[in-house]
Amino acid sequence: MTSIARTFALSLGIAATTIFLIMLGLFTWRYPMEEREFRACRVVAAVLDRATDTEGQTLNVRPTSALEELKADSPNLWYVVSAGDLVSEYGSERRPALPFAFPYRGPVGSSVFSTLDQKSTFCLAVMQRGSLQLTIMVGEPQVRFGRIARNFLIRSAFSIIVLALAFAATVAAGAALAARFVSRGIERVALRALAIDPAAPQGLISLSEVPRELKPLVKALNRAFGEIDAYIRMQRRFLGNAAHQLRTPLTLLRAKIDDVPDPALKAELVRDVRRLTSLVSAMLDLARLQNHAIAKRPIDLAAIALDVLADFGPSALDAGIELALERAHKGPLLVQGVDAAIRSALANLVGNALIHAYGARRVVVTLGRGSIAVEDDGAGLPDGGERKLLEPFQTGNTAGGGAGLGLSIVREIMAAHGGELVISSDPGCGTTMRLSFPEAAAAAGSPQLDLQEH
């Protein structure tokens, strides 16, 4: 990948070279004899032309401010102006012998000639003014640089404008190319970074795909992605190992509780052990979802919903909450998935509604094409509660019990199925939790699809 600085410098270099060649070509074409004497000749001829009056049968050179300035700056100035047979001279005592006779009748134009003695030069300018031919011969003029430059700018205004436009266009094109190169390099890095899975950021950005100036940033990003990936893998290993290590002590503890003589204490201990066992099982489920491939097959959401509601029926009656099932379509609602995982996800949502939906009197499970929604009419969640609810060890009701991993596992289950868990709530109006699956009805003969490790 080429350097940004090198590309920018190359673009400006091309622009400068192009401008130079254009200016050189115009200068060579427009001013092949452009020396200081020739430029001064044109300026003096223009001054005398504006000062000369040829009305009637007289020839008069008026003392204009420009002419007086020229005389003051040029102590050895002399000039001869002729119009037809009329002649007007200034500084004749300083004028050397000329190779032309008066009045001069030659072609229109201007040039610089040498005197007969070859010791000095003089300017000859011939202009057509109406029916008269105005001839000006000037020697020893001292023209200020500012007047020469001003005269040059006036006579060359069009060429200067063309050069300015060409310069602006060339520089703009070079800058646009450089900016486009820079933006495309940054865009490639951004797109490559966005393509990395946050749950498994083991993908690295190739250094050959980015400009040299961005390589330190890309190296830092790759190092950060590597550290994050190592931390995620370590966390997942710890989660799975901790859950496995806790199962055996809990089993032994449950066996020892049977020997407790106090029935009330025994019931309380059994309830606590069940909550711990549920937490360990949730941790194991989460570890399996994150670290193992899952084979999917066509399953019926309607059948799973009926089974889950039947399991929670007694609990709902004890809590005084009505459970209801609504269907938008008749017949089976097929999705690609894992039966046990989806049952666990829906059971988590229904159980969460029964336990944590404060003030709820009715929980409705709604089946749609590719989705299951669990809606309650409870107190709802406070502002921002939806996001916090998906964090591990967070519940919708701080006063309620629960392991706090249920909704995190539901989110992982849906991610493994290519879907998502969507939570919406209005304070005082209840909460809706929806399992949205990819929009596809699985055919009976569909091949199995494996989800890769996160």
Side-chain angles (χ1 to χ4, degrees), residues 23 26-164:
M23 293 180 65
L26 288 175
F27 184 84
T28 304
W29 168 70
R30 184 67 178 85
Y31 300 108
M33 301 172 59
E34 203 68 280
E35 300 177 357
R36 181 176 179 84
E37 290 183 354
F38 190 65
R39 291 195 292 268
C41 174
R42 287 187 170 181
V43 173
V44 174
V47 170
L48 287 172
D49 180 33
R50 287 191 291 268
T52 301
D53 184 3
T54 58
E55 293 184 0
Q57 299 298 320
T58 62
L59 178 63
N60 181 31
V61 180
R62 293 178 284 105
T64 62
S65 58
L67 182 56
E68 294 303 316
E69 177 184 324
L70 178 62
K71 291 179 179 180
D73 293 338
S74 310
N76 297 321
L77 177 70
W78 62 265
Y79 61 80
V80 179
V81 179
S82 66
D85 295 331
L86 303 175
V87 178
S88 176
E89 294 188 52
Y90 171 79
S92 57
E93 69 279 4
R94 295 184 293 273
R95 175 171 59 83
L98 301 177
F100 302 109
F102 297 103
Y104 172 80
R105 291 179 175 85
V108 174
S110 60
S111 186
V112 176
F113 293 93
S114 296
T115 59
L116 288 176
D117 58 9
Q118 300 294 317
K119 293 181 179 180
S120 62
T121 60
F122 68 95
C123 170
L124 172 64
V126 181
M127 294 165 280
Q128 193 69 35
R129 181 180 291 187
S131 60
L132 293 176
Q133 190 179 61
L134 181 65
T135 304
I136 301 173
M137 298 181 188
V138 184
E140 303 297 334
Q142 301 295 323
V143 184
R144 296 180 183 178
F145 176 76
R147 184 174 292 275
I148 296 177
R150 184 164 58 251
N151 183 71
F152 173 77
L153 291 176
I154 293 174
R155 296 177 62 89
S156 309
F158 178 76
S159 299
I160 293 173
I161 292 174
V162 171
L163 284 175

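Heavy-atom basis, side chains included; hydrogens, waters and symmetry copies ignored.
The CG atom of Leu116 sits 7.0 Å away from the CG atom of Leu98 when rounded to the nearest 0.5 Å. Rounding to the nearest 0.5 Å places CZ of Arg95 at 6.5 Å from OG of Ser92. Atoms CD and CG, on Glu68 and Leu70 in that order, are 9.5 Å from each other to the nearest 0.5 Å. In this structure, the separation between OG1 on Thr115 and CE on Met137 is 12.5 Å, given to the nearest 0.5 Å. Note that CG of Asp53 is 11.0 Å distant from OG of Ser88, once rounded to the nearest 0.5 Å.
For Ala83, the side-chain contact (heavy atoms from CB on, under 4.5 Å) partners two or more places apart in sequence, or in a different chain, are Thr54, Leu59, Leu132, Leu134. Shown here are the side-chain contact (heavy atoms from CB on, under 4.5 Å) partners of Val108, two or more places apart in sequence or in another chain: Val126, Gln128, Gln133.
The minimum heavy-atom distance linking Cys41 with Ser111 is given by the pair SG-O, 3.9 Å. In terms of heavy-atom proximity, Met127 sits nearest to Ala45 at CE-O, 4.4 Å. Minimum interatomic distance between Pro63 and Leu67 (heavy atoms only, all atoms of both residues): CA-CD2, 4.5 Å. Contact between Lys71 and Leu77 at its shortest, heavy atoms only, is CG-CD2, 4.0 Å. Counting all heavy atoms, side chain and backbone alike, Val44 lies closest to Pro141 at CG2-CB, 3.6 Å.
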**Q.** Verdict with reasoning, Val61 to Tyr79, per side-chain contact (heavy atoms from CB on, under 4.5 Å)
**A.** CA-CA 11 Å; Val61 180; Tyr79 61 80; 3.7 Å; yes
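Taking 4.5 Å as the limit, every side-chain heavy atom of Leu86 sits out of range of all side-chain heavy atoms of Thr58. For the pair Val47 and Glu69, the minimum side-chain heavy-atom distance is 4.5 Å or more.
Using cut-offs of 30° and 60° for the angle between ring planes, the Phe122 and Trp78 rings count as tilted.
Looking only at distances, a side-chain donor or acceptor of Arg129 sits under 3.5 Å from a matching main-chain atom of Asp49.
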